[in-house]
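Okay, so here's the structure we're looking at.
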Amino acid sequence: MRTKLRRNAIRLAAVTTAFGLPLALIPSAQADPGVSAVQSQLINSVTAPLVKNHLKALQNIANANNGTRAAGTKGHDASRDYVAGKLRKAGWNVTIQPFEFGYFTENSTASLARLSPNPRTYVPTEPGSSTLGEFATMTYSGSGDVTGTVQAVDVSLPPPPAPGSTSGCEAADFAGFTRGNIALVQRGTCSFEDKARNALNAGAAAVIVFNEGQPGRTDTVLGRLGGPGVNIPVVGTSFAIGSDLASTPNTVVRVKTDTTSETRLTHNVIADSRWGDPNKVVMLGAHLDSVDAGPGINDNGSGSAADLTVAEALGRIPTVNRLRFAWWSAEELGLLGSQHYVDTLTDAQRSKIKLYLNFDMVASPNYALKIYDGDDSDQTGAPAGPTGSAEIEKLFEKYFDTLRQPHNGTDFDGRSDYGPFIAVGIPSGGLFTGAEGIKTAEEARLFGGTAGKPYDGCYHQACDTIANINDKALALNTGAIATAAVVYAFSGKLPGSGAPAAAVPQKKALADVDHDGRVSR
C-alpha cells in the first residue's frame, strides 16, 4: 500500500500545480530544493496504515465498552479522550465542547399486535437493523406495554391528493378522546412530537402514527420525536395498516416498547492550528459517535481516523490559512453536535469559516467513490451548495482524475454534518462511499464490488467492525482528504471568497431528516 501511495503522490504533483499549491507533495528526491523536507513528505506521511492504527484503537475502545462508541456512553467518552490526546501531542489547541442532548436507545425489539377483531401480529423493525418492518419504534419514544382500543384522531380517508393532513396537530383534535385508548394519527403537516404530546396530554396510553397515503408516503413511517419527554410508546406504521386500523370499529391492539430516552451530556472535540490567518478558517469535520448497536468503525471511525491522521501530519506546519478540525458527537441522533457548534458561533466567528469539508463513511466495503455535488450538476435531488461548493467538488474530481480513478456524485441530502454549515451559507464539500443504499450495475463496473448489494451491509449494526473496512477506498480517500487540507491551508484564494454567505433553500429539509433517514414529520 505504501508503494502504491508513493506512486500516487507523484501523480498528485499535477494537482498541486493545477491549484497553485506552493508545496511539493512528492517524495523528497523530486522536491524543489527550496521546500522543506517536512513539506515535501507531507502527503506521503499520511498513509492508510496509520489510519488503520487509529481504527484499531477505536475498535479496542468499543470492545472495552459493551461494543459501542455511541454519544452519551463511556465508549464515546474514551473515543473523545483518545482523539484529544493525539491532537494535543501533535501540537493542536484542543477545545472540548460540552452540550446536552437527547440520548435514545431501543433496548429490545418492540411488538405491535391486533388482538381483536381478526388477530394479527405485525413485523417489527429490529433495533440496529436496516430492514424496515411493518412498524418501527420512533426515536425518543417512551417505554410501555399497553393494550387498548384504537381511536382514530381527525384522519383523512381516503387521503387528499396532496399532503396536508392536520391529524393530531391541535389539542382540539382530541376533544372527546377516551383516556387510556391508543391514539391513531396520520402523518401530515406538523411534527410527530406535536402529535405525540397532544395525544399524551389527552390521556392516550400509546400513539400509532401511520403514513399519509399519497405516492411516496405509503411505507412504514421511520420517525423521530424532537427529544425525550414523551413517556408512552410511539410507533410508526404504513398507510395500509393505519387505514385498516382506522376503518375497523373497536379494534384492540397491544403495543410494547422498551427504550431508554433521557438527557445526557456529551462533547465535540475542536482542534485549532497555532498557525495561519485566523480570519480565514479552513474547517474539516467527521462525526466520532457510533450508533448504540455497534462500534461504528466505518460509520464513522473511517472519517474520524482519516481526519486525525491528516491533523497529526499538519499540526506543526505553518500554514497561510488557519486550519480547524472537528470531531462531532451525537450525529447519529440528528446532527446534534455540529448543529450545536454552528448555533453557538457569533456572526463574526461564523464569517471567518471560509469552507467546511465533511468526511463520513469513507471506507465502505462495497464502496463507490462519491463526491458531494456542490454545483447540482446532476440536476436531481437537493440543490447546489453555497457559492464555492462547486469549486470544492472540482478539487476532489481533479484528485481522482489524476489517479485515473472513477468517481460519481452524491447529493447534499442532509444526512451528515455538512447540513448546519450549508444552512448558514458556508461553502461545503466532502467524500462518501455509501451507506445502506444499493450499488448499481454501473457503479460495480466503475469501482468493482457487487451490484444489487448495499455499499455497507453492516451499516448501523454490530458487524461494523475493523473487518468492515475496504483498504483501497480508505487509502484513496485519505489521500484526497490530505490533499484538500493542504491545498486549502496554503491557498491565497479560497472557494467562494468575496461572495456573501447565503443559506441555500434546504434548511427545512436538512432539519427534518437525520443520518439514519428518520423523519420528524
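Position 1 is the first residue of the sequence, and the numbers go up from there. Everything numeric in this text was worked out from a predicted model, so none of it was measured.
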Under 3.5 Å: donor-acceptor pair, side chain of [X], backbone of [Y]:
X	Y	answer
Q59	I466	yes
T73	R69	no
E193	L225	no
S290	A70	yes
Y418	D413	yes
N279	K352	no
N321	Y488	yes
T450	K453	no
T237	F210	no
Q461	G457	yes

ask   = Would a 4.5 Å heavy-atom cut-off, applied to side chains only, mark P295 and L58 as touching?
value =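 No. Closest side-chain heavy atoms not under 4.5 Å.
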query = Hey, does F192 have a side-chain heavy atom less than 4.5 Å from the side chain of V185?
reply =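 V185 does not reach F192 side chain to side chain.
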Parallel, tilted or perpendicular: ring planes of [X] versus [Y], cut at 30 and 60 degrees:
X	Y	result
W328	Y341	tilted
F104	Y140	perpendicular
F101	Y103	perpendicular

request  = Using a strict cut-off of less than 4.0 Å between a Lys/Arg side-chain nitrogen and an Asp/Glu carboxylate oxygen, indicate whether K74 and D77 qualify as a salt bridge.
outcome  =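 Looking at K74 and D77, the cut-off is not met.
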message = One thing to verify: whether R224 and E106 come together as a salt bridge, which I'm taking to mean a side-chain N less than 4.0 angstrom from a carboxylate O.
response =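 Answer for the salt bridge query: no.
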ask   = Of all residues at least two apart in sequence or in a different chain, which pass the ring pair (Phe, Tyr, Trp, His ring centres under 6.0 Å) check with Y82?
value =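 By the ring pair (Phe, Tyr, Trp, His ring centres under 6.0 Å) rule, Y82 matches H54.
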Minimal non-hydrogen separation, [X] against [Y], with atom names:
X	Y	value
T139	R518	OG1-CD, 3.2 Å
S329	N268	N-OD1, 2.9 Å
L87	A311	CD2-CB, 3.8 Å
I353	I426	O-CG2, 3.9 Å
R187	V209	N-CG1, 4.1 Å
D258	S108	OD2-OG, 2.8 Å

inquiry  = Tell me whether the NZ or CZ atom of K370 lies within the 45° cone about the ring axis of F396 and under 6.0 Å from its centre.
reply    =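 Because its charged atom misses either the 6.0 Å distance or the 45° angle limit, K370 does not stack over F396.
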inquiry  = The test is ring-ring contact (aromatic ring centres under 6.0 Å, His included); show your working for F412 and Y372 and say whether it passes.
reply    = CA-CA 6 Å; F412 284 125; Y372 284 112; 5.3 Å; yes
request  = For D456 and N298, run side-chain hydrogen bond (donor to acceptor under 3.5 Å, both in side chains): C-alpha distance rounded to whole Å, both residues' side-chain angles, the deciding distance at 0.1 Å, then the answer.
outcome  = CA-CA 9 Å; D456 184 351; N298 183 40; 3.0 Å; yes
